Amino acid sequence: MHCTRKITDNLVWVGANDRRLALFEGVYGVPEGVSYNSYLLLDDKTVLFDTSDNAVRDRFLENITHTLNGRKLDYLVLQHIEPDHSALISDVIEKYPDVTLVVNAKSAEFTAQFYEIGTPKIHIVKENDTLTTGKHTLRFFMAAMVHWPEVMVTYDETSKTLFSADAFGHFGALNGSLFADEVNFAQDYLKKMRRYYCNIVGKYGAQTQALLKKMAALDIAKICPLHGFVWRKNLSQVIEPHQLWSSYEPEEKGVMIAYSSVYGNTENAAEIVACRLRENGKKVVMYDASVTHASDIVAEAFRWSHLLFAATTYNNNIFVTMEDLLNDLIAHSIQNRTVAIIENGSWAPASGKIMRSKLEKCKNINIVANFTIKSSLKADKLQELYDFADAINASF
């Protein structure tokens, strides 16, 4: 049975939710599910924006059939060929053999790589091209690496709607809602959006900035992403965080502490620093890198101005979970942060030097303090640890 929602009288959400997916892209846990959004425009010509994932095939096809109500499908706009948005291209072509695929040159190439679709009608578009469907005029903008090289977005000049592909998406099923103003977004979904952006797109800040610059020249009333809620009010709530994240500027002043501790001694030092910083009025959050998934810590690193990494030496290197976390942060281009380092080692402390060498690969990382523990913290080292915390405090 179909399940759709109207955005306007002639624009309908025909997507679906997936709450059985364990790992998005095989990496990121999604305990609250994810939405696969697709939109159908009913004009003189009908236009479907993207398809969906195989997991929701039946519901998606039912939604299209119901919404078209006997009409043919004229255009399928393919903005992103990642399979969670394109897996059902063949099904759509089989059901509507006269449909014309609207693609750019790179997405046409990717479609052929992924699927056997025969020789459908194809309309190639490039930057700033338009397509008129009756009352609506669609304009296309390339958004390479947000987050694949073939991505494009579509601006409906008539309704002032931006179909934003993977930009402005977030994790989490929609649970009957469709619009961001139907929920307490800041409380319940901002964290999901931050984690989505920082891990899925975060490496490509410059490309995101380029898209935001193009958007600034448009009069946008609604944003329709491929994951998450449609925005029809308070668009600054979604645009401004992306401006910060894509420029690698922190949202908040405070310290994120990430630690890896085998027997609790490194954790103990990190806890003492956290207390000292709190006593000085600083915001602090703490994560055990062996317990918290790296994607959550990456998102928090994008959030906070100061980062403290504390790690045990292990096999003359960094303890494995901290090494993985730092590699992940470097891969996502973390930059413009103030950093402090705690190392521990019973006979040959090495983790601090290695952590420093990794972090120095990032842009504009200011390492303000280092502290070394040998096995466990002793009373004669406590003042030195306080001084370490005070150096972080003084860097604000």
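Along the sequence shown, residues carry numbers from 1. Here the structure is a predicted model, which means the values were calculated and not measured.
- Of the charged side-chain nitrogens involved, at least one lies within less than 4.0 Å of a carboxylate oxygen, so that Asp296 and Arg195 count as a salt-bridged pair.
- The backbone N or O of Ser261 sits nowhere less than 3.5 Å from a side-chain atom of Asn265 that would complete a donor-acceptor pair.
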side-chain hydrogen bond (donor to acceptor under 3.5 Å, both in side chains) between Thr266 and Asn344, intermediate numbers included: CA-CA 6 Å; Thr266 307; Asn344 194 349; 3.2 Å; yes
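- With a 4.5 Å cut-off on side-chain heavy atoms, Ile318 and Leu326 count as touching.
- Counting non-hydrogen atoms of neighbouring residues, nucleotides and ligands closer than 6.0 angstrom, the CD atom of Glu157 exceeds 12 such neighbours.
- Using a distance-only test at 3.5 Å, with no hydrogens or angles considered, a donor-acceptor pair links the side chain of Tyr248 to the main chain of Gly202.
- Looking at Lys378 and Glu384, no side-chain N of the basic residue comes within less than 4.0 Å of a carboxylate O on the acidic one, giving no salt bridge.
- No donor-acceptor distance shorter than 3.5 angstrom exists from the side chain of Glu109 to the backbone of Ala105, with no hydrogens or angles considered.
- Looking at every heavy atom in both residues, Ala269 comes nearest to Leu385 through O-CD2, 3.8 Å.
- Checking side-chain atoms of His136 against main-chain N and O of Thr132 turns up no donor-acceptor pair under 3.5 Å.
- Taking the six-membered ring for Trp, His227 and Phe24 have ring centres closer than 6.0 Å.
- Linking Ile, Leu, Val, Met, Phe, Trp and Tyr whenever their side-chain heavy atoms come within less than 4.5 Å puts Met142 and Phe168 in one cluster.
- Between the side chain of Arg57 and the backbone N or O of Leu88, no donor-acceptor pair lies under 3.5 Å.
- One finds the CZ atom of Arg20 at 9.0 Å from the CG atom of Asp18 (value rounded to the nearest 0.5 Å).
- Defined by atom type and a distance below 3.5 Å, a donor-acceptor pair is present between the side-chain atoms of Ser395 and His306.
- Looking at heavy atoms from C-beta onward, Leu329 lies in side-chain contact with Phe309 at the 4.5 angstrom threshold.
- Smallest separation of non-hydrogen atoms from Arg303 and Arg337: N-NH2, 4.3 Å.
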Asn364 and Gln335: CA distance, side-chain angles, deciding distance, side-chain hydrogen bond (donor to acceptor under 3.5 Å, both in side chains) verdict: CA-CA 6 Å; Asn364 196 25; Gln335 53 193 269; over 6 Å; no
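- The side-chain heavy atoms of Gln243 and Leu212, taken from C-beta on, include a pair separated by under 4.5 Å.
- Under a cut-off of 6.0 angstrom, the local environment of NZ in Lys358 is crowded, with over 12 non-hydrogen atoms contributed by other residues, nucleotides or ligands.
- The distance between the ring centers of Phe185 and Trp231 falls below 6.0 angstrom.
- Using a 4.5 Å heavy-atom threshold, the side chains of Tyr204 and Val146 count as separate.
- Here Phe229 and Phe179 keep their ring centres 6.0 angstrom or further from each other.
- Of all non-hydrogen atoms in Cys3 and Asn63, the two that sit nearest each other are N-OD1, 2.7 Å.
- Asn234 contributes no side-chain N or O that, together with a main-chain N or O of Ser236, makes up a donor-acceptor pair within less than 3.5 Å.
- Remark: the Lys282 side chain and the Asn393 side chain contain an N/O donor-acceptor pair separated by less than 3.5 Å.
- One finds no salt bridge joining Lys374 and Glu343 here, because no Lys/Arg side-chain nitrogen approaches an Asp/Glu carboxylate oxygen to under 4.0 Å.
- Under a 3.5 Å cut-off, the side chain of Thr46 and the backbone N or O of Asp74 do form a donor-acceptor pair.
- Val14 and Leu41 are assigned to two separate hydrophobic clusters, defined by single-linkage of ILVMFWY side chains at heavy-atom distances under 4.5 Å.
- A continuous path of hydrophobic side-chain contacts links Leu178 to Val238 [ILVMFWY only; heavy atoms under 4.5 Å].
- Inter-residue side-chain proximity for Ser375 and Tyr263 is flagged as unmet; no heavy-atom pair is nearer than 4.5 Å.
- Nearest heavy atoms, Met193 versus Trp245: CE-CH2, 3.9 Å.
- Ring orientation note: the planes of His85 and Tyr36 are nearly perpendicular, at an angle over 60° on the 30°/60° scale.
- Residues Tyr39 and Phe49 place their aromatic rings such that the two centres sit no closer than 6.0 Å.
- Between Val34 and Asn17 there is no side-chain heavy-atom pair separated by less than 4.5 Å.
- Residues Ile122 and Val47 fall into different hydrophobic clusters, defined by Ile, Leu, Val, Met, Phe, Trp and Tyr side chains chained together at heavy-atom separations under 4.5 Å.
- Nearest heavy-atom pair, Thr321 versus Ser290, reported as atom, atom and distance to 0.1 Å: OG1-OG, 3.0 Å.
- No side-chain donor-acceptor contact under 3.5 Å links Thr67 to the backbone of Ile64.
- Side-chain contact check for Val285 versus Tyr287: some heavy-atom pair is nearer than 4.5 Å.
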Residues His80, Asp166; criterion side-chain hydrogen bond (donor to acceptor under 3.5 Å, both in side chains); working and verdict: CA-CA 8 Å; His80 185 19; Asp166 265 358; 3.2 Å; yes
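- What you find for Val230 and Pro225 is that their closest heavy atoms are CA-CD, 4.3 Å.
- Note on Trp304: it does not cluster hydrophobically with Phe396, by side-chain heavy-atom contacts below 4.5 Å among ILVMFWY residues.
- Note: Thr161 OG1 to Leu218 CG = 11.5 Å, rounded to the nearest 0.5 Å.
- In terms of modelled atom types and a separation under 3.5 Å, the side chain of Asp50 and the main chain of Gln79 share a donor-acceptor contact.
- For Tyr197 and His170, the gap between ring centers reaches or exceeds 6.0 Å.
- Side-chain atoms of Thr65 and Lys95 include a donor-acceptor pair closer than 3.5 Å.
- Under the 3.5 Å distance criterion, the side-chain polar atoms of His332 are matched with a main-chain donor or acceptor of Asp328.
- Below 30°, between 30° and 60°, or above 60°: for His293 and Tyr28 the angle between ring planes is above 60°, a perpendicular geometry.
- If you take CE on Met355 and CD1 on Ile342, they are separated by 8.5 Å, rounding to the nearest 0.5 Å.
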Pair Ser107-Asn104, side-chain hydrogen bond (donor to acceptor under 3.5 Å, both in side chains): steps then yes or no: CA-CA 5 Å; Ser107 57; Asn104 60 61; 3.2 Å; yes
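- Between the CZ atom of Arg19 and the CG atom of Leu21 there is a distance of 12.5 Å, given to the nearest 0.5 Å.
- Considering only heavy atoms from C-beta on, Leu308 stays 4.5 Å or farther from Met256 through its side chain.
- A distance of 11.5 Å separates CE of Met322 from CG of Asn327, quoted to the nearest 0.5 Å.
- Taking the centre and axis of the six-membered ring of Phe171, the NZ or CZ atom of Lys191 falls outside the cone set by 45° and 6.0 Å.
- Separating the CD atom in Glu127 from the CE atom in Met152 is a distance of 11.0 Å, to the nearest 0.5 Å.
- Side chains of Thr8 and Asn10: a donor-acceptor N/O pair is present below 3.5 angstrom, by distance only.
- With respect to the salt-bridge test (charged N to carboxylate O, under 4.0 angstrom), the residues Asp98 and Lys72 do not qualify.
- The pair Glu251-Arg194 counts as a salt bridge, with a side-chain nitrogen and a carboxylate oxygen less than 4.0 angstrom apart.
- The number of heavy-atom neighbours closer than 6.0 Å to OH of Tyr115, taken from other residues, nucleotides and ligands shown, is above 12.
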